[in-house]
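A short worksheet on the structure shown next.
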Amino acid sequence: MLRTHTCGELRKTHVGQKVTLCGWVRRVRDIGGLVFIDLRDRYGRTQIVLEAESPHINLAKSLSHQDVICVVGTVRARPTDMVNPKMPTGEIEVVLEDLRILNRSKTPPFMIEDEAKVQEETRLRYRFLDLRRPFMQRNLEIRHRAALSVRNFLSSKKFLEIETPFLTKSTPEGARDFLVPSRIHPGKFYALPQSPQIYKQILMIAGYDRYFQIVRCFRDEDLRADRQPEFTQIDLEMSFVDVDDIIELTEEMMVQMFRDAIGVEVDRPFQRMDYYEAMRRFGIDKPDLRYGMELIDLTDLFEGTEHRIVAQAVSKGDRVVALPVPADLSRKEIENLTELAKAEGAGGLLWFKFKDGKPSGQMAKFLPSGWLDVVKPQSPATFLMVLGKDIKAHGVLGKLRVEVAQRLGLVRQGEWKFLWVVNFPLFEWNEDENRIEPAHHMFTMPFEQDIPKLETEPLQVRAKHYDLVLNGVELGSGSIRIHDRELQEKVMEIIGLPKEERERRFGFLLTALEYGAPPHGGIALGFDRIVAMMAGMGSIRDVIAFPKTTAAQALFEGAPSEVPEDQLAELHIKVVK
RNA sequence: GGGGCCGUAGUUCAGCCUGGUGAGAACGCCGGCCUGUCACGCCGGAGGUCGCGAGUUCAAAUCUCGUCGGCCCCGCCA
């Protein structure tokens, strides 16, 4: 070892000891006869001091940002008025006795410190420098601790971590696949897995009743701040369980993860909410419970109103829904939100205000007597109203609710509001393609009592599916799976998969279901998102060492890239220009 | 596939709307001074294909079109 200690560990108790430290020069403060060096590694910072008489003084003065050095010296207590309370090592300093330059650094394009404001493009191009910054090192450490916590926890619960293939079979459902050409089989392709869904079900059938994996998944879709083409899931599956078992296990795991990774104590049990309740109250299937502003249904209130547009809407069965904003919004703000509502598919935004005990604004004169008792408004408040079928109006206001909360600063930081959204419908109606499709995936178990409705009114069938939501972010979802071939085929039939297709694509699963498949279920959690939230980062790129840009490029190494002609030929591939 | 924002010194940004004066600031970098600094301070200095290409114009960082790159969003993501 070139060093005896790290730059973060020396304290008063080490005073008098001779130590050797290695690290990066953060800053040299040359104040004339006295030189201070801030030496840094991922454990912290230590101040090195040299006096004018030191034979190394000139070498020390020549040091610059990010040179890598090795320092031998003696730990000394700082004079009381020179203690730096902002630094963990601020009570001591190391008096330099020997100095070795391990490697000089060119002047980096940006300062290696948290405060440096750098465009993301530059950060990604010089990722090795960006990753050297303390907050990035902290992020990746949180990620490590979170992963370790998951492994420890699940292992203690008798789970086995089992790897599944990356070179697998393409399935046209769901996201676009990344394809890998086969050299041995001309014209054939592997696909990278979107998730190990089928493999983990097969493992259940094989009797590995508790499986998990911290696993990379691949989806060739457009990117977002919280979406990368390759991302990591905590994937787990259990046999002989029902919904509550998976929920309880997941809660325990999350509690331990937050404790181990960031030292936060999360309350259990997590709140649970019916899907339709979430839509009705918050207009979204992943409500952020850190603030109020619950939607109010005013349809009954406006029954028989003289307001022409509202009356028309009510008579044809539309709902009148309002978002109670606890603020006196300006005309400009309302206009702005109206644009947003229109972009979300609403015809427009109706509104009224309540202030100093009386209503005002556009809709005020149409409020029937007694409205105060129904609405019980805060003061001041602005009510934004949308008309629409069923939960359509709710959806628009759900978006506005999130936007308004952010703009008004209503989001309470430092709170962790976990929520299970349960009782989803099994199917959804796809308006564009005019067909029924699974709300999540086709392996989800319907409620037993709803099975008779599968053929008669499939859209009424509820699913044993659950989403885990934290502060308005979907962390993951899971379900109890179908373990019976007949039922599985019936579901496939309902979503319009012909028999040959079912056999061709999912034959190996269907066959396996016939050989003693146990009841089973599980969940998959977005590991990157969880870590991003724990680290307080707005983008998962900040908790992934080497992420892609929004155009799916790796700026540092330069992927994707062209390949030589002969490499293509070997794979039987011709590029069409 | 669509929409929005951005690209000017090593970095972060101002200038652009309303074309014309030597293209500026801060940080960083280089040199000098300074024995208790820790965002050290003070003095001096260097540093620019204004992303790229075309067009309009007597004249373009500034206006127009295209293009490349980054970020955010919609679609998409079972």
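These numbers were taken from a predicted model, which means no experiment stands behind them. Both backbone and side-chain heavy atoms feed into the values below; hydrogens, waters and symmetry mates do not. Labels below follow one simple rule: chain letters A, B, ... track the order of the sequence lines, proteins then strands, and each chain is numbered from 1.
One atom, CG of A/Leu50, and another, P of B/C34, lie 17 Å apart when rounded to the nearest Å. Note: NZ (A/Lys548) to P (B/G69) measures 16 Å, nearest angstrom. Rounded to whole angstrom, the span from the CD atom of A/Glu428 across to the P atom of B/C76 amounts to 11 Å. Rounded to a whole Å, the CD atom of A/Gln194 is 9 Å from the C1' atom of B/C77. Across the protein-nucleic acid pair, A/Asp220 atom CG and B/C76 atom P stand 16 Å apart, rounded to whole Å. Atom CD1 of A/Ile31 is separated from atom P of B/C38 by 9 Å (rounded to the nearest Å). In this entry the distance linking NZ of A/Lys86 with C1' of B/U37 reads 12 Å, nearest Å. Atom CZ of A/Phe178 is separated from atom P of B/C77 by 15 Å (rounded to the nearest Å).
Among the protein residues, A/Thr122 comes within range of the sugar-phosphate backbone only, with heavy atoms under 4.0 Å from sugar or phosphate atoms but none that close to a base. Using a 4.0 Å heavy-atom distance criterion, A/Arg27 is classed as a sugar-phosphate-only contact. Among the protein residues, A/Arg123 comes within range of no part of the nucleic acid, since none of its heavy atoms lies under 4.0 Å from any strand.
The aromatic ring of A/Phe36 is stacked on the base of B/U37, with the two ring centres less than 5.5 Å apart and the planes inclined by under 30°.
Counting non-hydrogen atoms of neighbouring residues, nucleotides and ligands closer than 6.0 angstrom, the CZ atom of A/Phe447 exceeds 12 such neighbours. Heavy-atom contacts from other residues, nucleotides or ligands closer than 6.0 Å to CD of A/Glu486 number 12 or fewer. No more than 12 heavy atoms of other residues, nucleotides or ligands shown are found within 6.0 angstrom of OH on A/Tyr190.
Among the nucleotides B/C71, B/C38, B/G75, the one closest to any side-chain atom of A/Arg45 is B/C38. Listed nucleotides B/C76, B/G28, B/U37 differ in distance to A/Arg29; the shortest reach to its side chain belongs to B/U37. In this structure, of B/G36, B/C29, B/U11, it is B/G36 that holds the atom nearest to the side chain of A/Arg78. Considering only the side chain of A/Gln119, B/C13 comes nearest among B/G70, B/C13, B/C38. Among the nucleotides B/U11, B/U35, B/C71, the one closest to the side chain of A/Val118 is B/U11.
Judged by Watson-Crick or G-U wobble contacts below 3.5 Å, the nucleotide B/G47 has no partner. Nucleotide B/A14 forms a pair with no other nucleotide shown, judged by Watson-Crick or G-U wobble geometry with both contacts under 3.5 Å. In this structure, B/G36 forms no base pair with any nucleotide, since neither Watson-Crick nor G-U wobble geometry is met with both distances under 3.5 Å. For B/C71, the paired base is B/G4 (Watson-Crick or G-U wobble, both distances below 3.5 Å). Pairing partner, B/C77: none, since no Watson-Crick or wobble contact has both distances short of 3.5 Å.
A side-chain contact (heavy atoms from CB on, under 4.5 Å) with A/Leu39 is found for one member of A/Val94, A/Ile69, A/Thr89 and no other, namely A/Ile69.
In the interface, the side chain of A/Arg219 is not paired with the base of B/C77 through any donor and acceptor atom under 3.5 Å apart. Taking only distance into account, the side chain of A/Arg541 never meets the base of B/C71 through a donor-acceptor pair shorter than 3.5 Å.
Toward the 5' end of RNA chain B, the nearer of the two residues A/Lys61 and A/Gln47, judged by each one's closest nucleotide, is A/Lys61. Nearest-nucleotide mapping onto RNA chain B: of A/Ala225 and A/Asn84, the residue sitting toward the 5' end is A/Asn84.
Between A/Phe546 and A/Phe556, the angle of the ring planes stays under 30°, which puts this pair in the parallel group of the 30/60° scheme.
Straight-line distance between the P atoms of B/C68 and B/U49: roughly 23 Å, to the nearest whole Å. B/A61 and B/A23 have their C1' atoms separated by 8 Å, given to the nearest Å.
One side chain, A/Arg29 or A/Gln47, offers a donor N or O that lies under 3.5 Å from an acceptor on the other. Judged by distance alone, the side chains of A/Thr74 and A/Arg76 never bring a donor and an acceptor atom under 3.5 Å apart.
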